Amino acid sequence: MSVFWTMIGGLPPWRLPAELAAAMAGGCALLAAICVWLLVRRMLSASRRNAAHAASLFGVRELTSCVVGDGPVDLDHLRFTLEQVPLAAVLQFLRLHRGASQAVVIAQAELAGVFDPALEALGCGNVSREIEALKQLQFARAPHFRSAVLKQATRGSAPPIRIEALYTFIAMGSVPSEVALAAWIEATGPTLTPRHVALFLLIADRLPGALAHLARLVDNRAFQEQLAVLAVQHDHLHHPLPSIGAAARLRAPLAPSRRFS
């Protein structure tokens, strides 16, 4: 080891060229600046999320104080509150409440134009924006909202939009015929996605008994199998001792036919 260090000590001093040293220093400074920018951006993003969450919670409390309680609801004050709080607060309140409280807030929200921006976003051509708008319209009840959502369910520009629109249409309380519903489900294919499963579960909840019929009406094999499985599961949850013969008949059309000689 001493020989090695003796050889190193005998070498002339090594120096970087001035241009290379300047380039390395500039690169290090740029990297440091990028790291600082990313850190500041992350901190600002977290701060905005926290502020939005706090504003949403405050809005939910304000809406609750307007609606929940004794005595008649001050509709003017409620409408003013709906115009001031963020949309996220309105949607959260509607998820948490049912019955008369939800109905009065939906009616006043429609009068206040709370859902109008989401309605305008439909058909914009941006898939993510349209899907987000459809999720916001799930609580709207006016006929023109239903018509716009149904249009996206039948003629949406992409399958994800048609799936979300159909989910929203059912969530709005609409009760289409099973034949029409099967045709609209076919239009969301051909690939089965987790959002399809969520749609089928919603149909099972809102339209009891429809899944078994839809399993026979659709032509898509993946949809048939998923609908049949969910139909059996839903029947089992609501009827703890289902008929084995009924379950077998439900799945019979899905099994490939075999002939034995």
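Residue numbers start at 1 and run along the sequence shown. This is a predicted model, so every value here is computed, not measured.
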Check: Glu178/His213 side-chain N/O donor and acceptor closer than 3.5 Å: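 Short answer, yes.
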
All pairs passing side-chain hydrogen bond (donor to acceptor under 3.5 Å, both in side chains) where residues 140-162 contributes a residue, at least two apart: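 The answer is Arg146-Ser174.
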
Using side-chain heavy atoms (C-beta onward) and a distance below 4.5 Å, is [X] in contact with [Y]?
X	Y	result
Arg195	Glu164	yes
Ile203	Ile185	yes
Tyr167	Gln138	yes
Arg95	Phe139	yes
Phe93	Val67	yes
Leu181	Leu207	yes

[X] versus [Y], closest heavy-atom pair with distance:
X	Y	answer
Leu82	Ala109	CD1-N, 3.5 Å
Ala118	Ala133	O-CB, 3.4 Å
Cys66	His77	SG-CD2, 3.4 Å

Kindly work out whether a path of hydrophobic side-chain contacts (I/L/V/M/F/W/Y, heavy atoms less than 4.5 Å apart) joins [X] to [Y].
X	Y	value
Ile163	Leu122	no
Leu75	Leu94	yes
Val175	Phe169	yes

Parallel, tilted or perpendicular: ring planes of Phe200 versus Phe223, cut at 30 and 60 degrees: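 Perpendicular.
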
Short side-chain to backbone donor-acceptor contact, Glu130 and Gly125, under 3.5 Å: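 Judged by distance alone, yes, a pair lies under 3.5 Å.
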
Donor-acceptor under 3.5 Å (Asn220 side chain, Glu186 main chain):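 Pair absent, no side-chain N/O of Asn220 close to backbone of Glu186.
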
Rounded distance (nearest 0.5 Å) linking atom CZ of Arg216 with atom CG of Leu227: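 Answer for the CZ-CG pair, Arg216 versus Leu227, is 11.0 Å.
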
Pairwise distance CD(Gln108) to CD(Glu83) - rounded to 0.5 angstrom: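 These two atoms lie 10.0 Å from each other.
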
Test applied, side chain to side chain contact (heavy atoms under 4.5 Å, CB included); reference residue, Thr168; option that passes from Leu202, Leu134, Ile131, Leu150: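 Considering Leu202, Leu134, Ile131, Leu150, a side chain to side chain contact (heavy atoms under 4.5 Å, CB included) with Thr168 is found only for Leu134.
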
Test applied, side chain to side chain contact (heavy atoms under 4.5 Å, CB included); reference residue, Val149; option that passes from Leu166, Leu137, Ile170: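 Among Leu166, Leu137, Ile170, the one meeting side chain to side chain contact (heavy atoms under 4.5 Å, CB included) with Val149 is Leu137.
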
Over 12 foreign heavy atoms within 6.0 Å of CZ, Arg129: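 It does not: Arg129 CZ has 12 such atoms or fewer within range.
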
Flag if over 12 foreign heavy atoms under 6.0 Å of CZ, Arg98: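 Yes, CZ of Arg98 has more than 12 neighbouring heavy atoms, counting only those of other groups under 6.0 Å.
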
